[in-house]
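Working notes, structure below.
Numbered from 1 within each chain, the chains take letters A, B, ... in sequence-line order.
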Amino acid sequence: MCTKNSILNIVIITIILFAANPASAHFGTIIPSDDIVTQDDSKTLNIEVKFIHPMELHDMEMVKPKQFAVIHNGQKIDLLKSLKNDRKISSDPNKKSSLWTADYKICRPGDYTFFIEPMPYWEPAEDVFIVHYTKVCVNALGLEKGWDQPVGLETEIIPLTRPYGLWTGNLFTGQVLLNGKPVSFAEIEIEYLNNSPEGIKRVIPPADPYITQVVKSDKNGVFSYAMPRSGWWGFSALNEAGWKLENEGQEKGVEIGAVYWVYTRDMK
Amino acid sequence: MKILNNLFVLTFMLLLLNGTALAHKVNLFAYAESGKIYTESYFPDGRPVEGGKVLVYDSRNKLLLQGVTDKKGLFNLKIPKIDDLNIVIKATMGHKNSFKLKKTEVEAGK
């Protein structure tokens with residue numbers, strides 16, 4: 001029999017556990033409606049931009065990013081004006097500004113690297129601001145050129161594995177750069193987007209360490225991870241910025257993340 | 001014996017070269033603009049398909065015209081017909097691919 005006190009205790013413990021849960025990691029997210037555009041596919045991509053805990057599917061509040069653009073054939077195309085706030089398809093309709101979407105029409109062959117630079121996100125639980133520079137590459141019409149080129153962000157992951165056409169179980173290898181230089185022994189957090197692909201059963205992690213996988217780079221900033229399930233995988237290399245931001249009159253540190261998303265398919 | 005060894009090395013190298021070429025699929029991309037159809041033929045790494053044969057078919061699979069790609073892998077032609085066009089690229093060693101240019105796209109580019 002439950003008493004008022006015991007219910008209150010359970011509620012308090014649950015709140016504390018959720019607040020203190022160190023297992024889930026924040027991820028900047030850019031998910032395009034297609035990763036490889038072929039002749040027969042729609043040439044219009046729908047791109048979702050979010051700030052989430054991918055494995056647990058928690059959305060964070062996200063204001064309009066500072067930068068949203070695509071690099072194609074060495075040229076940067078500014079797409080910020082095409083970003084729209086779309087609450088209808090947010091996983092939590094009560095939250096404001098949690099999901100941004102844009103349509104982009106593919107006109108020519110080649111690799112399209114989409115990226116965002118979000119506005120700094122204040123995380124009171126960690127007493128830091130978070131800025132995740134996030135990238136994803138879409139290949140179009142058989143021309144595989146451009147995926148290995150840096151965008152020129154403060155920090156970013158450069159794929160050393162071609163980041164599309166990946167089978168489940170493939171090894172993804174990347175290099176972490178900070179101000180254009182490799183980061184020795186960087187920590188990379190990896191999470192599975194737990195609603196992809198549509199229709200398959202969600203993963204229930206048996207313990208917290210399964211939520212976020214962690215690997216470290218070598219002295220040249222190079223890391224690898226084999227992806228065990230089909231769907232979207234996010235790689236996030238975290239560093240502390242050399243600059244600070246102010247919150248309520250106090251200087252606070254800034255966690256800058258280099259995030260990269262890739263898609264895997266089962267061999268059938 | 002030395003000749004045999006050299007032959008073995010040569011055969012192995014030829015096999016390797018052949019393997020590399022087979023891994024390179026050819027592609028053709030086409031669009032219509034200002035009364036013309038522009039075609040670009042390329043390997044996945046961006047190298048142009050030079051001297052490739054381009055064949056343009058209408059929706060009834062009738063060959064309308066053909067041409068050869070230049071050093072940049074390009075071949076341009078006047079719009080031959082407002083129709084769904086199937087544009088085929090044939091490169092060396094049996095490499096072949098095609099691109100479907102829709103009637104609406106041809107019409108928009110006339």
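Counting heavy atoms from C-beta on, the side chains of Tyr42(B) and Lys145(A) never come closer than 4.5 Å.
Between atom CG of residue Asn97(B) and atom CD of residue Gln39(A) there is a gap of 6.5 Å, rounded to the nearest 0.5 Å. Summarising the geometry, atom CZ belonging to Arg47(B) is positioned 11.5 Å from atom CG belonging to Leu143(A); distances are rounded to the nearest 0.5 Å. Rounding to the nearest 0.5 angstrom, the gap separating the OG1 atom in Thr38(A) from the CG atom in Asn27(B) is 11.0 Å.
Closest of all the heavy-atom pairs between Arg108(A) and Tyr31(B) is NH1-CE2, 3.6 Å.
Side-chain N or O atoms of Glu144(A) include none that pairs as donor or acceptor with a backbone N or O of Phe43(B) at under 3.5 Å.
Within 6.0 Å of atom NZ in Lys96(B), 12 or fewer heavy atoms from other residues, nucleotides or ligands are found, so the atom counts as exposed in its surroundings. Within a 6.0 Å sphere centred on NZ of Lys103(B), other residues, nucleotides and ligands contribute 12 heavy atoms or fewer.
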